[in-house]
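Step one of this worksheet: look at the structure below.
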Amino acid sequence: TGAATTWGFATVDASVPRSELAVAWHGSFKLKATGALNFGDVVYAGANGEVQKTTVTGRAVGQVIATGGIAAGAFGLVRLF
């Protein structure tokens with residue numbers, strides 16, 4: 001509040017932050033892998049938005065569609081379920 005925009009208008013925002021967060025689902029996205037993954041591997045959600053090959057709890061979130069697989073710590077294509 002009070003700060004002016006580039007055009008000289010005062011910025012006033014009375015909106016309340018939402019408690020929900022939009023997430024992607026159904027589609028192919030470049031995601032980071034925690035470990036090496038092969039083409040066709042089913043992946044699970046990991047920490048910090050990464051995907052991993054195994055999990056103790058949780059449910060499968062996608063499948064690797066990068067033809068060469070994904071190296072550990074690298075980004076590669078994953079089709080989300």
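Because the structure is predicted, anything quoted here is derived from the model rather than measured.
Distance CG/Leu31 to CG/Leu80: 6.0 Å, rounded to 0.5 Å. Separation of atoms CZ (Phe39) and CD1 (Ile65) is listed at 8.0 Å; rounding is to 0.5 Å.
Of all the heavy atoms in Glu50 and Thr34, the pair that sits closest is OE1-CG2, 3.0 Å.
Hydrophobic clustering (ILVMFWY, side-chain heavy atoms < 4.5 Å, transitive): Phe29 and Val61 are in one cluster.
A side chain to side chain contact (heavy atoms under 4.5 Å, CB included) with Lys53 is found for exactly one of Asn38, Val42, Ile70, Val64, namely Asn38.
Listed by first then second residue, pairs satisfying salt bridge (Lys or Arg N to Asp or Glu O under 4.0 Å) with a partner in residues 59-75 number zero, not counting sequence neighbours.
Residues passing the salt bridge (charged side-chain N to carboxylate O under 4.0 Å, His left out) test with Lys30: none are found, sequence neighbours excluded.
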